[in-house]
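First up is the structure itself, then whatever we jot down about it.
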Amino acid sequence: REHDASVVMVAGDFFDANTVEQRLIVQTCDRLRDLGRPVYILPGNHDHGGADSVYRTDRFTSRKPPNVEVLLSQAPVAIQDGAAVILPAPLLRRHSADDPSRHWSAEAGRDLAPDAVRVGLAHGGVQSFSSESAQNVVDVSRAKDANLDYVALGDWHGLKQVDERSWYAGAPEPTSFKDNSPGHVLLVELPGPGEPAQVAPLAVARTRWIRHEASLSSREQVMMLARFFEGLTNPGDTLVRLELRGALSLDDFGLLDRVLDDARGRLLHLRVRGEGVLPAPTREELLGLASDGYVRAAVERLQVRVEATDAAAARALQLLYRLRQGAA
């Protein structure tokens, strides 16, 4: 609506699976109806157009608004009163050894609109990463022979230009911490047959997926980590992968736990990875723990295991420190 798009095209994987629940289908169809403009949906590998496709079920067809057309066949579709023709390449099964766009040709759709702008709509990869299991590979080189003015591709989750006429819009929301430029849609203007497409990526993502690294060896560095979390805007829409390493005194280790607990409460998601932070008790902390023979023996054995990077021993030593503080 903001850019007065004539049509909306979805290059596959509109749904994550063919088994989505009724509630999601109803809400999705309501959103599509409210767009007030034509929407063309191509089945991808997650929502393929086979016999058990979500698009063939009563729960979808009974709710599908009239402005939505699901392209379940390879038949060309004339749109905008013949101003453009879509050459769909739907996936009818999750994985196919055949190129889904193999039917594209210079004559396809000419009988519908001979002077139309020609758009290929396909879902799959443009290269195979394994010669033994090449699946859903789209040969975009045939777009030139088919006189296509633009090829809209789906499957790759990030924004990617393949060549002068072929693009992946990527997923409109990031789906992982991979830095492959997700979170966009493409505004495409096609001036006329044979003229270069004008493509403008538009950032639409609501969620942010952030990687952050921290090496901790002092209380001040823990406080710096706390300030990093406090400085995040819209934490409820932010996912953070935190790579941690270092060693802290037992007191500072407890502060780190509190900082992470607070971040987990504020963020959409916090994932802690990396080498980890080990307790490095000060002499005073160890003396405070080892007040009698049995506790001293336990502390000494735990400390040896901590020095051998035993994570369970590290947590046990920290827990013992907390219990002794509570008893005091």
Exercise. Backbone N or O of Asp262 within a donor-acceptor pair of the Arg266 side chain at under 3.5 Å?
Worked result: no

Problem set entry | Closest approach of Leu216 to Val222 (non-hydrogen atoms, all atoms of both residues) | CD2-N, 4.1 Å

For this session: Using atom types as modelled and distance alone, determine if a side-chain donor or acceptor of Arg118 lies under 3.5 Å from a backbone N or O of Ala146.
Result: yes

For this session: Check the hydrophobic clustering (I, L, V, M, F, W, Y; side-chain heavy atoms under 4.5 Å; chains of links allowed) and say if Met224 and Leu256 are grouped together.
Result: no

For this session: Answer yes when Glu243 and Arg241 have at least one side-chain N-carboxylate O distance shorter than 4.0 Å, and no when they do not.
Result: yes

Problem set entry | Arg264/Asp261 ion pair, N-O < 4.0 Å | yes

For this session: Using a strict 4.0 Å threshold on nitrogen-to-oxygen distance, state whether Arg142 and Asp99 make a salt bridge.
Result: yes

Exercise. Is Asp139 paired with Arg102 through a side-chain N to carboxylate O contact shorter than 4.0 Å?
Worked result: no

Exercise. Angle class for the Phe60/Tyr55 ring planes (parallel below 30°, perpendicular above 60°, tilted otherwise)?
Worked result: perpendicular

Problem set entry | Transitive ILVMFWY side-chain link Val119 to Val77, under 4.5 Å | yes

Exercise. Is the shortest side-chain N to carboxylate O distance from Arg227 to Glu220 below 4.0 Å?
Worked result: yes

Exercise. Do we see a donor-acceptor contact under 3.5 Å between the side chains of His123 and Asp13?
Worked result: yes

